[in-house]
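Note that the coordinates shown come from a computational prediction; the quantities given were computed from them, not determined experimentally.
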Amino acid sequence: MDFLRFYALVIREASRHSLGATQGILFLLLILAGAVASQNPATKPMVESLDLGGWKVAAIIFVSIIAIRLVLAPYWLWRTAQSRSVMAPERSIDYKLVVTAITNRKDIRAKAIQIIFVLHNGSYFHSLRYEVEEVYAEVDGNTVEGEIVWANKGEIIPPAAKYNFDYPWIHLKSRKWIKPGTEGHVRIVYKYGTAGQPFSRRVTYASPIVIEKSYIRSNPTENRDEAL
């Protein structure tokens with residue numbers, strides 16, 4: 001669905017952008033077309049055969065304006081995103097790294113479960129770098145005991161891509177395996193920013209979870225994204 005959202009942005013940008021650039025390109029094309037026709041007499045019969053009356057010329061110009069604006073809209077979006085990210089990344093609507101889902105891996109033989117935070121880079125143009133500051137997961141009263149040694153608490157996520165951040169395996173104290181409907185809780189705090197630049201935002205996400213047979217239900221009680 002991301003490509004549908006992107007083209008919705010393209011259409012919106014094409015409809016709201018100023019006519020200055022579009023008119024300039026259209027007039028330039030008309031001048032070039034006139035110059036080519038004047039230098040090639042053989043094209044005169046073809047032009048006359050089109051019988052371009054007043055309404056046809058107006059229709060051609062109108063359609064041409066729409067087409068040119070649609071062609072230019074992706075560039076306008078990219079230029080706007082570039083400007084926002086450089087001048088005020090903390091206020092950019094295209095500059096978000098969000099938790100889109102909580103999922104898991106299961107090892108029934110070892111009676112262990114691993115909670116996974118799915119992070120999505122909402123920017124269509126920029127790779128985002130993140131670093132986890134705090135993270136916690138609990139399932140049916142079970143969590144990781146002792147100090148956790150992290151091999152990696154951050155990564156660079158390409159534009160419009162997802163990345164899984166794995167919490168360590170939680171070993172169940174009970175001999176029974178997790179049943180559908182088992183409850184737990186997760187919380188994660190991470191900072192992020194454009195790759196190669198200082199971190200500019202911090203996200204705090206917390207949610208109760210319910211482990212079903214093939215997925216995890218979550219309903220966040222806290223989902224805050226703020227400037228550093």
Given side chains that start at C-beta, do those of D140 and I178 come closer than 4.5 Å, heavy atoms only? no
I115 versus I216: any side-chain heavy-atom pair under 4.5 Å? yes
Has the side chain of T194 got a donor or acceptor atom that lies under 3.5 Å from a matching backbone atom of Q197? no
Are F199 and V189 connected into the same hydrophobic cluster when the rule is that any two of I, L, V, M, F, W, Y join if their side-chain heavy atoms are below 4.5 Å apart? no
Do the side chains of I188 and V132 get nearer than 4.5 Å, heavy atoms only? yes
Does P159 offer a backbone N or O that forms a donor-acceptor pair with the side chain of S123 under 3.5 Å? no
Could you go step by step and tell me if V99 and N223 meet the side chain to side chain contact (heavy atoms under 4.5 Å, CB included) rule? CA-CA 9 Å; V99 177; N223 193 5; 5.7 Å; no
Working for side chain to side chain contact (heavy atoms under 4.5 Å, CB included), residues F117 and V135: CA-CA 10 Å; F117 297 85; V135 61; 3.6 Å; yes
The residue among Y205, Y190, W150 that forms ring-ring contact (aromatic ring centres under 6.0 Å, His included) with F165 is W150
Considering only heavy atoms from C-beta outward, does the side chain of T204 approach that of R187 to under 4.5 Å? yes
Find the distance between CG (L228) and CZ (R201) and round it off to the nearest 0.5 Å. 8.0 Å
Pair N121, Y130: side-chain N/O donor-acceptor within cut-off below 3.5 Å: no
Under 4.5 Å between side-chain heavy atoms, hopping through other hydrophobics if needed: is there a path connecting Y163 to V98? no
Do you reckon I170 sits in the same ILVMFWY cluster as I116, going by side-chain contacts under 4.5 Å, direct or chained? no
For Q114 and Y167, indicate whether the former's side chain and the latter's backbone hold a donor-acceptor pair under 3.5 Å. yes
Out of V186, N219, N104, which residue meets the side-chain contact (heavy atoms from CB on, under 4.5 Å) rule with I209? V186
Is the count of non-hydrogen atoms from other residues, nucleotides or ligands lying under 6.0 Å from E145 atom CD greater than 12? no
